[in-house]
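Everything on this sheet refers to the single structure shown next.
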Amino acid sequence: MEWVAVLSRWVHVGTAIVLVGGAVFKRYVLIPAAANLPEATRDDLRRRIVGTWKKFVMAGIALFLLTGFYNYLVISIPEHKGDGLYHGLMGTKIILSFVVFFLASALTGRSAALENFRRNPKRWLGALILLSAVIVGIAGYLKVDPLERHGPRPIAGGEAPAETR
């Protein structure tokens, strides 16, 4: 079953590359490049792009949920049982991910209640990119978390307490 774990991790990271890369491209390349187009042309371009990009966003969210919860429940929990820092950071990462999912959905959706997000895409894409960078930073830390923290903790006088051996 190791191949399932590798595939799940690969799909999870690959999805992040595609979606975060798309958000960066849209925020820092596409929006500025389209700024000088006539309004009707810009609106048509936005409509066409969102129509296609929405499919990537929705599929990406589904893949994130599937692979993320698999990676956490099947791989991380057994490996980090009792590690409060790990699980606290993972919980923070998951909550931030749901905020990113909301922003991505708001920016590609049609709900009138969320039109304010679509009126200012530079701001909300910037927030989405920043939160994504924080999530990647947390994930990077969790992946290379110092092993010494998980091993026996020596007490004064030498040996580790029995409950940590």
Side-chain angles (χ1 to χ4, degrees), residues 3-37 42-43 45-80 83-147 149-150:
W3 67 271
V4 175
V6 170
L7 179 64
S8 178
R9 182 133 181 93
W10 183 81
V11 170
H12 197 77
V13 171
T15 301
I17 290 168
V18 170
L19 293 183
V20 176
V24 169
F25 173 79
K26 189 173 178 183
R27 167 62 183 85
Y28 293 104
V29 177
L30 185 60
I31 291 174
N36 294 328
L37 294 174
R42 193 173 55 242
D43 289 345
L45 178 63
R46 188 192 74 71
R47 183 183 52 76
R48 289 171 183 242
I49 289 170
V50 167
T52 302
W53 184 241
K54 178 191 311 189
K55 295 171 188 165
F56 281 85
V57 169
M58 294 306 131
I61 290 171
L63 288 172
F64 272 138
L65 291 171
L66 181 69
T67 60
F69 281 112
Y70 175 83
N71 292 339
Y72 183 61
L73 297 173
V74 175
I75 300 166
S76 294
I77 287 179
E79 287 181 8
H80 297 278
D83 186 347
L85 177 62
Y86 181 91
H87 294 293
L89 287 171
M90 183 61 76
T92 301
K93 181 181 164 214
I94 291 168
I95 290 168
L96 291 175
S97 296
F98 285 133
V99 175
V100 168
F101 296 165
F102 170 78
L103 290 173
S105 298
L107 289 166
T108 58
R110 296 179 295 177
S111 169
L114 300 176
E115 181 62 32
N116 205 29
F117 289 90
R118 292 184 293 279
R119 276 195 213 117
N120 197 346
K122 286 170 73 172
R123 168 189 282 169
W124 297 111
L125 281 168
L128 183 150
I129 293 164
L130 177 63
L131 290 173
S132 296
V134 171
I135 292 166
V136 169
I138 292 170
Y141 175 79
L142 292 176
K143 191 66 180 160
V144 297
D145 185 14
L147 295 176
R149 197 172 65 75
H150 301 294

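For the numbers below, each heavy atom of this structure counts, side chains included, while hydrogens, waters and symmetry mates do not. Just so it is clear, the model here is predicted, and its values are computed rather than measured.
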Test item: [X] and [Y] side chains (from C-beta on) under 4.5 Å apart, heavy atoms:
| X | Y | value |
| --- | --- | --- |
| Leu85 | Tyr141 | yes |
| Val50 | Arg110 | no |
| Ile129 | Tyr28 | yes |
| Ile138 | Leu96 | yes |
| Leu89 | Lys93 | no |
| Leu131 | Leu103 | yes |

Quiz item: Do other residues, nucleotides or ligands put more than 12 heavy atoms under 6.0 Å from Arg9 CZ?
Solution: no
[atom1]-[atom2] distance between [X] and [Y], expressed to the nearest 0.5 angstrom:
| X | Y | atom1 | atom2 | answer |
| --- | --- | --- | --- | --- |
| Thr15 | Leu63 | OG1 | CG | 4.5 Å |
| Phe117 | Ser105 | CZ | OG | 11.0 Å |
| Leu30 | Trp53 | CG | CH2 | 11.0 Å |
| Ile17 | His12 | CD1 | NE2 | 11.0 Å |
| Leu66 | Ile61 | CG | CD1 | 13.5 Å |
| Phe25 | Ile31 | CZ | CD1 | 10.5 Å |

Write down the atom of [X], the atom of [Y], and the distance for their closest heavy-atom approach.
| X | Y | result |
| --- | --- | --- |
| Ala104 | Thr108 | O-OG1, 2.9 Å |
| Ser8 | Tyr70 | OG-CD2, 3.4 Å |
| Leu107 | Pro121 | CD2-CA, 4.1 Å |
| Ala5 | Asn71 | O-OD1, 4.5 Å |
| Leu125 | Ala23 | CD2-CB, 4.1 Å |
| Ser76 | Met90 | OG-CE, 4.4 Å |

Quiz item: Can the ring centres of His87 and Tyr72 be said to be less than 6.0 Å apart?
Solution: yes
With no hydrogens and no angle check, is any side-chain donor or acceptor of [X] less than 3.5 Å from a backbone partner on [Y]?
| X | Y | value |
| --- | --- | --- |
| Arg118 | Ser111 | yes |
| Arg42 | Ala35 | yes |
| Ser132 | Leu128 | yes |

Exercise. In sequence, state the C-alpha distance, the side-chain angles, and the governing distance for Val74 and Val4, and then conclude on side chain to side chain contact (heavy atoms under 4.5 Å, CB included).
Key: CA-CA 11 Å; Val74 175; Val4 175; over 6 Å; no
Quiz prompt | Phe101/Leu19 under side chain to side chain contact (heavy atoms under 4.5 Å, CB included): CA gap, chis, key distance, verdict | solution = CA-CA 11 Å; Phe101 296 165; Leu19 293 183; over 6 Å; no
